[in-house]
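Written out below as structure tokens is the structure these notes cover.
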Number of protein chains: 2
Amino acid sequence: MAQDRAPTRIQRKNRAAILDAALEVFSAHGFRGATVDQIAVQAGLSKPNLLYYFPSKEAMHAALLEGLLDTWLDPLRDLDPAGEPMDEILAYVRRKLQMSREFPRESRLFANELVQGAPRIHDALSRDLKALVDEKVTILEGWMAQGRIARVHPYHLIFSIWSLTQHYSDFDVQVRAVLDTEDPFDGASDFIETLYRRLLSPP
Amino acid sequence: MAQDRAPTRIQRKNRAAILDAALEVFSAHGFRGATVDQIAVQAGLSKPNLLYYFPSKEAMHAALLEGLLDTWLDPLRDLDPAGEPMDEILAYVRRKLQMSREFPRESRLFANELVQGAPRIHDALSRDLKALVDEKVTILEGWMAQGRIARVHPYHLIFSIWSLTQHYSDFDVQVRAVLDTEDPFDGASDFIETLYRRLLSPP
DNA sequence: GAATGATTTGACCATCTGGTCAAACTCACG
DNA sequence: CGTGAGTTTGACCAGATGGTCAAATCATTC
């Protein structure tokens with residue numbers, strides 16, 4: 001089989017092209033809404049050729065999802081308990097927003113999965129995601145106890161950051177329809193930063 | 001045809017059952033991910049029977065979407081320019097949050113549509129939605145100019161309300177995975193209210 | 001440049017799915 | 001009850017879709 005040992009130059013190139021095409025199509029239409037043919041056209045390869053590199057449509061989707069959650073949580077992972085609380089949180093917000101802006105397809109792939117009940121990543125959520133959030137919430141609670149940031153529900157604080165930042169990639173049609181702008185993120189950064197400054201400034 | 005004049009008792013009952021089933025299935029799997037068979041089973045009717053009441057799967061989806069945007073915007077419509085600014089905004093937030101809690105399926109139907117580029121409601125968005133938001137933004141700007149609430153980007157203020165409130169219904173799997181709770185809205189209301197009080201209190 | 005393994009593809013298949021239709025059944029009403 | 005309209009369904013169809021396969025083509029190495 002092609003996938004067994006030391007990938008060749010062609011294998012690397014084609015697998016990458018397929019995953020990119022799959023990301024494009026899955027993020028735009030959801031798993032069920034995407035067809036292998038669409039992905040093949042997008043990748044510039046024939047359908048049987050795709051299935052030479054991936055055993056099934058499922059496998060392509062799984063390959064995309066596999067690394068995604070990890071990458072997606074990296075910005076939160078970098079929240080430093082030793083840093084200045086307000087700076088750390090604002091930096092996290094900025095990283096998250098930048099990620100949404102730079103990788104809207106990944107964001108939508110994830111959103112599609114979540115809206116439909118996350119059938120394929122449910123376990124990862126209640127294991128890895130929960131563990132990381134729990135850990136970071138402890139840090140936030142520490143900062144609040146020390147009076148270095150205002151006291152708010154720490155879990156909802158994190159949810160709010162996810163929600164505000166991803167809104168601009170996941171629902172960008174809506175934002176664009178209202179704002180009539182090219183870049184849905186325009187002005188979002190300032191607004192969100194102001195929001196968290198006012199919410200979290202110690203009394 | 002059945003749909004022509006004065007619907008009978010049976011027609012009313014069955015059409016309602018079909019739409020409820022369709023909402024259940026479409027909101028959980030998206031348009032393409034839903035099958036007429038699933039809807040039929042959910043509704044307790046046979047597939048040809050569904051197609052006796054609706055000419056196509058598309059028609060069922062359209063019937064659901066038709067009223068949805070209007071209903072969805074009602075909370076914003078009620079924002080009263082004559083009211084006390086902070087009260088009005090907080091009341092809007094509460095109405096929106098309650099709507100997400102009470103009608104999570106409708107919210108997800110809408111989210112599914114938006115994430116995938118809103119192919120079927122794009123026009124309604126840039127017409128009706130935009131018009132309403134523009135109107136209400138004028139009110140917000142007035143309040144800000146009078147110094148009755150703090151000055152923030154009014155469009156992003158509205159986006160933030162949408163984003164924060166709908167997050168709990170659209171992505172409730174994620175919230176539940178982290179919080180380990182029955183009700184994903186638990187605590188959300190207090191958090192969001194605090195957030196807008198601090199963001200918008202005049203300087 | 002021949003041999004070997006990697007890559008590509010046209011043709012094909014089974015299943016799923018939206019939709020049709022004629023026949024059967026049920027109901028309301030005179 | 002009988003009758004006609006309203007309702008229901010089993011059987012069926014056409015097209016889409018995920019996936020297979022043997023044969024052909026290409027790359028690499030000796």
Side-chain angles (χ1 to χ4, degrees), chain A residues 1-65 109 112 116 119-120, chain B residues 1-65 109 112 116 119-120:
Chain A
M1 313 298 138
Q3 286 80 347
D4 270 9
R5 304 264 127 221
T8 71
R9 181 179 47 84
I10 294 175
Q11 273 174 42
R12 254 195 303 278
K13 185 173 67 89
N14 281 350
R15 285 183 62 97
I18 292 168
L19 285 179
D20 186 79
L23 177 57
E24 189 73 27
V25 177
F26 282 137
S27 67
H29 304 290
F31 178 77
R32 194 82 167 18
T35 72
V36 178
D37 266 310
Q38 280 179 89
I39 300 174
V41 169
Q42 179 78 26
L45 298 170
S46 70
K47 184 170 65 158
N49 205 175
L50 293 213
L51 293 161
Y52 170 74
Y53 288 101
F54 291 89
S56 68
K57 178 183 170 185
E58 276 275 346
M60 298 174 208
H61 195 252
L64 285 174
L65 237 35
L109 181 72
N112 259 304
Q116 299 185 9
R120 300 158 221 275
Chain B
M1 315 300 140
Q3 286 83 347
D4 271 8
R5 303 262 128 222
T8 70
R9 184 179 47 86
I10 293 177
Q11 272 174 43
R12 252 196 303 280
K13 185 173 68 92
N14 281 350
R15 283 183 64 98
I18 291 168
L19 284 178
D20 187 80
L23 176 57
E24 189 73 28
V25 177
F26 282 136
S27 68
H29 304 291
F31 179 77
R32 194 80 169 19
T35 73
V36 178
D37 265 311
Q38 280 178 89
I39 300 174
V41 168
Q42 180 78 28
L45 297 170
S46 70
K47 184 170 65 158
N49 206 5
L50 294 214
L51 294 161
Y52 169 73
Y53 288 101
F54 291 88
S56 67
K57 179 184 170 184
E58 278 274 347
M60 298 174 208
H61 195 252
L64 285 174
L65 237 36
L109 181 73
N112 259 304
Q116 298 183 10
R120 299 158 222 273

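Lettering of chains follows the sequences in order, A, B, ..., and the numbering in each one begins at 1.
A donor-acceptor contact closer than 3.5 angstrom is absent between the side chains of A:Gln42 and A:Asp20.
Taking 4.0 angstrom as the limit, A:Gln11 places a side-chain polar atom (N or O) nearer than this to OP1 or OP2 of C:dT7. Put simply, B:Tyr53 has a side-chain N or O that comes within less than 4.0 Å of OP1 or OP2 on D:dT8. Taking 4.0 angstrom as the limit, A:Thr8 places a side-chain polar atom (N or O) nearer than this to OP1 or OP2 of C:dT7.
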Start with the C-alpha gap between A:Leu109 and A:His61, add the side-chain angles, then the distance that decides, and say whether side chain to side chain contact (heavy atoms under 4.5 Å, CB included) holds. CA-CA 9 Å; A:Leu109 181 72; A:His61 195 252; 4.0 Å; yes
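With rounding to whole Å, B:Arg15 atom CZ is found 13 Å from D:dT8 atom P. In this structure, CG of A:Asn14 is placed 10 Å from C1' of C:dT8, rounded to the nearest angstrom. For A:Tyr52 and C:dG5, the OH to P distance is 13 Å, given to the nearest whole Å. In this structure, A:Lys13 places its NZ atom 14 Å from P of D:dC26, rounding to the nearest Å. Nucleotide D:dT7 holds its P atom 11 Å from the CD1 atom of B:Ile18, rounded to whole Å.
Out of D:dT8, D:dT20, C:dT17, the shortest distance to the side chain of A:Arg32 is found at C:dT17. With D:dG19, D:dT7, C:dT8 as the choices, the nucleotide that has an atom nearest any side-chain atom of A:Lys57 turns out to be D:dG19.
Note that CD1 of B:Ile39 and CD of B:Glu24 are 11.0 Å apart. Values are rounded to the nearest 0.5 Å.
Using cut-offs of 30° and 60° on the angle between ring planes, the pair B:Phe31 and B:Phe26 is parallel.
At the heavy-atom level, B:Ala34 lies under 4.0 Å from the strands shown only through sugar-phosphate atoms. Using a 4.0 Å heavy-atom cutoff across all strands shown, B:Ile10 reaches sugar-phosphate atoms only and no base atom.
Annotation: proximity of residues 38-50 of chain B to DNA chain C (heavy atom, distance under 4.0 Å) is found for B:Lys47, B:Pro48, numbered in ascending order.
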